[in-house]
Amino acid sequence: MKNSHKKLTVLPISLLLLLLVGTLCTAQDTTKTKRPKIGLVLSGGGAKGLAHIGAIKVLEEAGIVPDYIAGTSMGSIVGGLYALGYTADEISVINQKINWSNYLTNNMPLYKIGMDEKHDYGRFIGEFPIKGSKVRLPSGMVESQALWNLFLELTWPAASITNFDSLPIPFRCCASDIIHGKIKTFSSGSLPLAMRASMAIPAFFTPVIENDTTIYVDGGIGNNFPVDEVIKMGADIVIGVYVGLPEEIDPNKAKSVYSILMQTAMFSGIKDAKEYMGMCDILIIPDLKKYSTASFEQGKNIEKVGYEAALAYKDELKKLADSLNSIAPPRQIKRLNRDTTFFVNRIVVEGSKNIDSDLVIGKSEILPKSKVDFFDVNEAVNNIFGTMYFNKVTYRVQKTEKGHTLVFTPQEKERTLLKAALQTNNVFGPSLILNYTRHNVGTIGSRFTTGLEISRLPRFKANFHQYIGQTQRRALQLGIFYTANEVPFYLSTQKITGFKEHSFGGRLELQYTLFQNMQAAIGGAFEGTTLIPTESLIELDSLYDFGYLNFGGIKVWSTLKKNTVDRNFFPRKGSLISLSYSFSPKPLLKISNSGNSTEVNSLLNPKQYHKITADYERYLSVGKNLTFMLGANAGITTGTSAIYDSYFIGGSQYGSRNRDVTFYGFGYRQEIFPNYAIVKAEARVRLYSEIYLMGRLNYMQAAEDELDILFDIDNPYFDTMGYGIGLGINTLFGPITVFGTSNTLNNDLWWYINAGFTF
């Protein structure tokens with residue numbers, strides 16, 4: 001029933017079918033008439049492909065049940081779900097619940113990232129793999145583990161199905177094999193892999209690599225409207241929904257790099273689609289000129305356009321359904337069990353060359369010979385991806401005689417990565433932040449990272465991290481660090497640099513991951529600091545007329561940390577908890593070229609001391625646009641003589657360094673105390689997209705003696721309320737914030753300005 005017309009009414013088809021039925025029944029009653037097969041074809045088109053959902057709704061209302069489905073790109077997503085047994089209404093609910101902006105980026109919620117990696121995650125503008133001595137550009141902008149997770153979740157009922165003809169509706173989808181220069185039609189294998197490969201738009205999504213020998217990109221390059229595939233499957237009647245790019249576009253709308261790349265990449269597929277349109281018995285083309293391939297936020301409206309376009313064919317579709325049903329009843333679609341569980345007899349890791357399989361299996365926390373559901377495997381994927389050793393983590397389930405084999409297929413990152421970011425603020429000035437990461441340095445499962453901040457006051461850190469043990473919950477970490485800073489002195493709002501500060505040290509830490517978002521650690525370190533007085537300070541007080549002051553010594557500590565916030569900057573939900581205890585024996589102290597060394601030594605009076613530090617923040621969103629933060633933090637030091645390891649109080653969190661305590665209302669490091677307690681609250685209103693209006697209150701009590709903090713709360717040595725209001729913007733280049741603050745002690749006005757990711 002093929003013809004070369006773009007549109008053909010169904011009435012002639014229906015009459016022909018009825019005549020055929022009558023003739024056959026009259027001629028030979030014993031002959032059973034074969035019901036013609038319907039093929040449904042859904043084109044690619046980015047966000048425009050959401051119109052397929054509306055079109056399928058009309059098909060359902062008309063009683064059309066397709067026997068075969070083929071799709072490309074977004075058509076493969078909608079078509080694949082429909083082939084799985086999802087109804088049009090169910091797919092519509094999925095579309096409307098999804099925040100597409102979360103799935104079309106590389107950002108995973110921070111609470112799905114391992115504790116060791118949380119600080120650095122999402123903190124760089126670019127991440128560049130290094131191969132040999134060459135720095136390479138990424139193969140695409142977006143890999144999106146979140147999108148992989150979505151596909152894995154939605155296709156879970158078919159996790160063990162490898163033949164797409166075994167789906168409730170037989171299914172095909174197309175991708176472009178750029179290694180062998182041909183169209184790949186997926187009829188078997190991993191369904192989520194096939195769907196993701198079909199929509200891998202070049203230069204936007206990373207390509208899908210299979211077995212290290214084949215690279216797939218968007219099927220729209222070669223076959224954006226796979227009518228030929230449903231015909232090969234056996235379709236007698238073809239219903240097509242086309243939402244792809246037009247053959248000709250308005251030159252005024254083809255001036256952006258994105259639009260030119262899209263039109264160029266899809267040119268061949270567009271030409272073939274024109275030919276395939278003529279092979280459709282019913283062709284539905286929604287009018288989507290006002291929408292782009294990226295209009296995912298308009299998904300509900302796009303669905304409606306698809307519904308209205310198909311509605312014009314509803315009568316013809318109903319007549320077709322009635323004609324076919326008079327021959328034989330439609331096929332019954334058997335829905336798959338979405339609460340499927342599998343007995344996992346064995347766990348296998350494929351594609352991991354440089355990362356030990358034990359790390360992958362250990363981090364999964366799934367034991368062989370156990371029953372698993374989707375939530376178990378999803379948590380396992382998050383745990384494995386959270387190590388940040390992999391670009392993506394997927395899996396498949398293989399049926400065996402003794403149960404099922406769970407096969408994890410992680411794609412390793414390059415062993416060596418270079419990351420970069422920029423920052424500037426009104427305390428430290430501009431800086432360039434670089435990070436070098438290399439996996440498997442000497443041993444499998446290890447990671448070596450270095451961070452360098454090139455600025456007026458540079459910083460450097462290097463860490464070697466090694467997972468140990470069968471479950472990979474334990475890790476050993478060695479590290480060194482160096483920080484240049486200043487210790488300011490304030491005369492009202494006038495700041496002078498009192499000391500040039502140089503801090504350095506080495507650390508050894510044993511970590512134990514209790515849960516994905518909780519970690520305990522014990523460790524030891526040698527830490528030292530050199531203070532060099534400035535001429536301005538010496539002129540202010542001759543007591544500081546010496547060359548330098550060195551102090552340092554050994555420190556041992558234990559920590560407990562929990563982090564469940566959804567992102568490092570402008571978090572919307574979750575909590576931060578940090579508890580630490582440290583003990584420092586009597587530190588070493590050396591003063592150079594000082595006529596006042598005895599007086600300075602007496603002032604410092606070094607001796608052993610203990611420190612307890614606690615920090616808590618809780619984020620809660622009310623609706624989509626309002627977020628509250630409530631928190632408290634405190635630090636207690638035994639002995640007022642430990643001034644060289646005191647807390648520096650004042651400034652914002654976007655300009656803090658070691659031993660700094662954020663307090664809105666003071667200048668950076670304006671106050672120095674060995675003991676403090678702060679309660680704080682913030683309200684953040686989303687004005688538009690990622691633009692926020694913020695207000696903060698914080699109240700502090702501080703004392704020289706820890707007993708004043710612990711037992712003399714009503715009459716502290718020092719207390720004040722600070723407050724501030726500001727604007728914040730979350731950008732691809734990092735947070736931009738401007739805050740105006742003051743306090744009830746002296747009403748001085750302080751500004752905090754920051755742009756870019758922090759070190």
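Under 3.5 Å, the side chains of K112 and N383 contain no donor-acceptor pair of N or O atoms. Remark: the W156 side chain and the N378 side chain contain no N/O donor-acceptor pair separated by less than 3.5 Å. The closest side-chain donor-acceptor pair between T409 and E350, if any, does not fall under 3.5 angstrom. A donor-acceptor contact closer than 3.5 angstrom is absent between the side chains of S656 and T662. Checked by atom type, the side-chain pair D218/S73 shows a donor-acceptor distance below 3.5 Å. Between the side chains of N382 and N149, at least one donor N or O lies within less than 3.5 Å of an accepting N or O. For the residue pair D116 / Q519, a side-chain donor-acceptor distance below 3.5 Å is found, with atom types taken as modelled. A donor-acceptor pair shorter than 3.5 Å can be found between the side chains of E303 and S92. R657 and T483 form no side-chain donor-acceptor contact under 3.5 Å, judged by distance and modelled atom types alone.
The pair R335-E90 counts as a salt bridge, with a side-chain nitrogen and a carboxylate oxygen less than 4.0 angstrom apart. Here E210 does not pair with R396 in a salt bridge; the nearest charged N to carboxylate O distance is not below 4.0 Å. Using a 4.0 Å cut-off between charged nitrogen and carboxylate oxygen, K413 and E143 do not count as a salt-bridge pair.
In this pair, F757 and F569 present their aromatic rings tilted. The plane angle is within the 30 to 60° band. Note on ring orientation: taking the six-membered ring where Trp is involved, the planes of F739 and Y664 are perpendicular (angle over 60°, cut-offs 30° and 60°).
Checked against the 6.0 Å centroid threshold, F186 and Y216 count as a close aromatic pair. If you look at F343 and H404, their ring centroids are not closer than 6.0 Å.
Cation-pi geometry between K48 and F296 is not met at under 6.0 angstrom from the ring centre and within 45 degrees of the axis. Taking the ring axis of Y692 as reference, the NZ or CZ atom of R684 stays within 45° of it and closer than 6.0 Å to the ring centre.
Note: K392 NZ to L193 CG = 7.0 Å, rounded to the nearest 0.5 Å.
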